There are 2 protein chains.
Amino acid sequence: MVVHTISDEQVDLLFHALADATRRDIVRRAIDGEHSVSELATGYAMSFAAVQKHVAVLERAGLVTKTRRGRERLVRTDIATINHASRLLDQFEELWRVRANTMSEILAQDPGEVT
Amino acid sequence: MVVHTISDEQVDLLFHALADATRRDIVRRAIDGEHSVSELATGYAMSFAAVQKHVAVLERAGLVTKTRRGRERLVRTDIATINHASRLLDQFEELWRVRANTMSEILAQDPGEVT
DNA sequence: CTAAAGTACAACCAAATGGTTGTACATACG
DNA sequence: CGTATGTACAACCATTTGGTTGTACTTTAG
């Protein structure tokens, strides 16, 4: 199995992009694709340019891609990146599991062995 | 099953806290507990106060807790918060799965039904 | 008691963030 | 053709962020 390593800077971009409610909402809406930037912009209490910037942040993080259709750009979520973020967090839980195992091994030791 | 809902602001804090390599490293090191703030500070190319601030960001996000031991504060990772973040991302994948199912239903439709 | 260690917190600073408006350009529509 | 739509991007601004140093307080060690 090929482990797709990612740089710290990419992880920074990824979690930073997710640290904003508007951007998370854009990701949700773009999961079913077919949303132009101006379509996305309607519904947020901010300018078109502001939404454009949010999409750019998501794009740099690899969370969405933009494809051209005539004069509009369709925004689509890259679910693989979401999956990658989720697995990064799973690694922390794996560390925790290892530690928990070590603890139960310690607790399972014969009392006489405890120093 | 009780679903522990969380505010957008808390999710912002959570992902923002994870969007920094130093902070992610602190979380990793604090998984096995028993690390005072000054212990954590050794090894980073920054001042003690800077590390203190990083720990404060993690604490506000609920990613670590601090307990007192004499004059030091022991930092410990709250793995439940990591787990919570991971499940938040799973929700996006769930949306994706629903969409994928809908798509395969569409593709499975009798050609005559396609409008 | 005194000194050192560990922490907390304020003040300060440069850079990044998240918003705005304005301008320019490409494409679709009548 | 000319006009409206969709986008890109620059310039600007207030606030936040991530770092610094300095000071004060508590607790341990000698």
Side-chain angles (χ1 to χ4, degrees), chain A residues 7-30 32-77 85, chain B residues 7-30 33-77:
Chain A
S7 71
D8 270 358
E9 295 75 36
Q10 274 298 313
V11 179
D12 288 359
L13 291 176
L14 180 49
F15 284 121
H16 168 70
L18 290 169
D20 180 280
T22 301
R23 287 196 289 265
R24 288 191 300 275
D25 194 61
I26 290 174
V27 167
R28 268 183 228 105
R29 289 174 65 186
D32 49 295
E34 306 302 310
H35 288 292
S36 69
V37 181
S38 17
E39 274 174 356
L40 289 172
T42 66
Y44 300 118
M46 67 185 71
S47 69
F48 168 78
V51 174
Q52 220 178 4
K53 281 193 181 182
H54 281 306
V55 171
V57 170
L58 292 169
E59 203 177 10
R60 280 200 315 147
L63 280 164
V64 305
T65 55
K66 281 193 296 187
T67 62
R68 183 185 195 124
R69 184 179 66 183
R71 63 187 161 188
E72 18 177 51
R73 305 299 162 94
L74 300 183
V75 180
R76 180 181 313 266
T77 296
Chain B
S7 72
D8 270 358
E9 295 75 38
Q10 274 298 312
V11 179
D12 288 359
L13 291 177
L14 180 49
F15 285 120
H16 168 69
L18 291 169
D20 181 280
T22 301
R23 286 196 291 263
R24 286 192 301 275
D25 194 61
I26 290 174
V27 167
R28 268 183 229 105
R29 291 175 64 187
E34 304 302 310
H35 288 291
S36 69
V37 181
S38 16
E39 274 174 356
L40 290 172
T42 66
Y44 301 117
M46 68 186 72
S47 67
F48 167 79
V51 174
Q52 220 179 4
K53 281 191 181 184
H54 281 306
V55 171
V57 169
L58 291 169
E59 202 177 10
R60 279 201 315 147
L63 280 164
V64 305
T65 55
K66 282 193 295 188
T67 62
R68 182 184 195 124
R69 184 180 66 184
R71 61 185 162 189
E72 13 175 56
R73 303 300 161 95
L74 299 184
V75 179
R76 180 181 313 265
T77 296

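What you see is a predicted model, and the numbers here were worked out from it, not measured in a lab.
A/R68 comes within 4.0 angstrom of sugar-phosphate atoms only, judged by non-hydrogen atoms across all strands, and of no base. No engagement by B/R69 is indicated, since no non-hydrogen atom pair under 4.0 Å with the nucleic acid exists.
We find that OH of A/Y44 is positioned 12 Å from P of C/dG19, with the value rounded to whole Å. Taking atom CD1 of B/I26 as the reference point, atom C1' of D/dG18 lies 13 Å away to the nearest angstrom. To the nearest angstrom, C1' of D/dT7 lies 13 Å from CG of A/L40. One can place CZ of A/R60 at 11 Å from P of C/dA16, the figure rounded to the nearest angstrom. Straight-line distance from the CG atom of A/D12 to the P atom of C/dT17: 10 Å, rounded to whole Å. Between B/L58 atom CG and D/dG18 atom P the separation is 11 Å, expressed in whole Å.
Of the listed nucleotides (D/dT7, C/dT21, C/dA8), C/dT21 has the atom at the smallest distance from the side chain of A/S47. The side chain of A/M46 lies closest to C/dG19 when the candidates are D/dT17, C/dG18, C/dG19. Nearest to the side chain of A/E72, among D/dT7, C/dA26, D/dG18, sits D/dT7. Taking every side-chain heavy atom of B/S38 into account, C/dT7 is the closest of C/dT7, D/dT20, C/dT27. Of the listed nucleotides (C/dG18, D/dT17, C/dA5), C/dA5 has the atom at the smallest distance from the side chain of B/R71. Closest contact between the side chain of A/D20 and the listed nucleotides D/dT20, D/dT7, C/dG18 involves C/dG18. Looking at the side chain of A/K53, the nearest of the listed nucleotides D/dA8, D/dG18, C/dG19 is C/dG19.
Neither OP1 nor OP2 of C/dT7 sits under 4.0 Å from any side-chain N or O of B/Q52. Contact between the side-chain N/O atoms of B/K66 and the OP1/OP2 oxygens of C/dA8 is found at a separation under 4.0 Å. The side chain of A/H16 places an N or O atom within less than 4.0 Å of a non-bridging phosphate oxygen (OP1 or OP2) of C/dG18.
Scanning all heavy atoms of the two residues, the minimum distance from A/A19 to B/H16 falls at CB-N, 3.4 Å.
Mapping B/V57 and B/A49 onto DNA chain D via the closest heavy atom, the residue that lands nearer the 5' end is B/V57. Between A/A19 and B/F48, it is B/F48 whose nearest contact on DNA chain C lies nearer the 5' terminus.
Counting only distance, with no hydrogens or angles, the side chain of A/T77 and the backbone of A/V27 share a donor-acceptor pair below 3.5 Å.
Ion pairing between a basic and an acidic side chain is recognised when a charged N comes within 4.0 Å of a carboxylate O; A/R76 and A/E34 show such pairing.
B/V51 pairs in a side-chain contact (heavy atoms from CB on, under 4.5 Å) with only one of the listed residues (B/I26, B/T42, B/V75), which is B/I26.
Side chains of A/R23 and A/H54: a donor on one and an acceptor on the other come within 3.5 Å.
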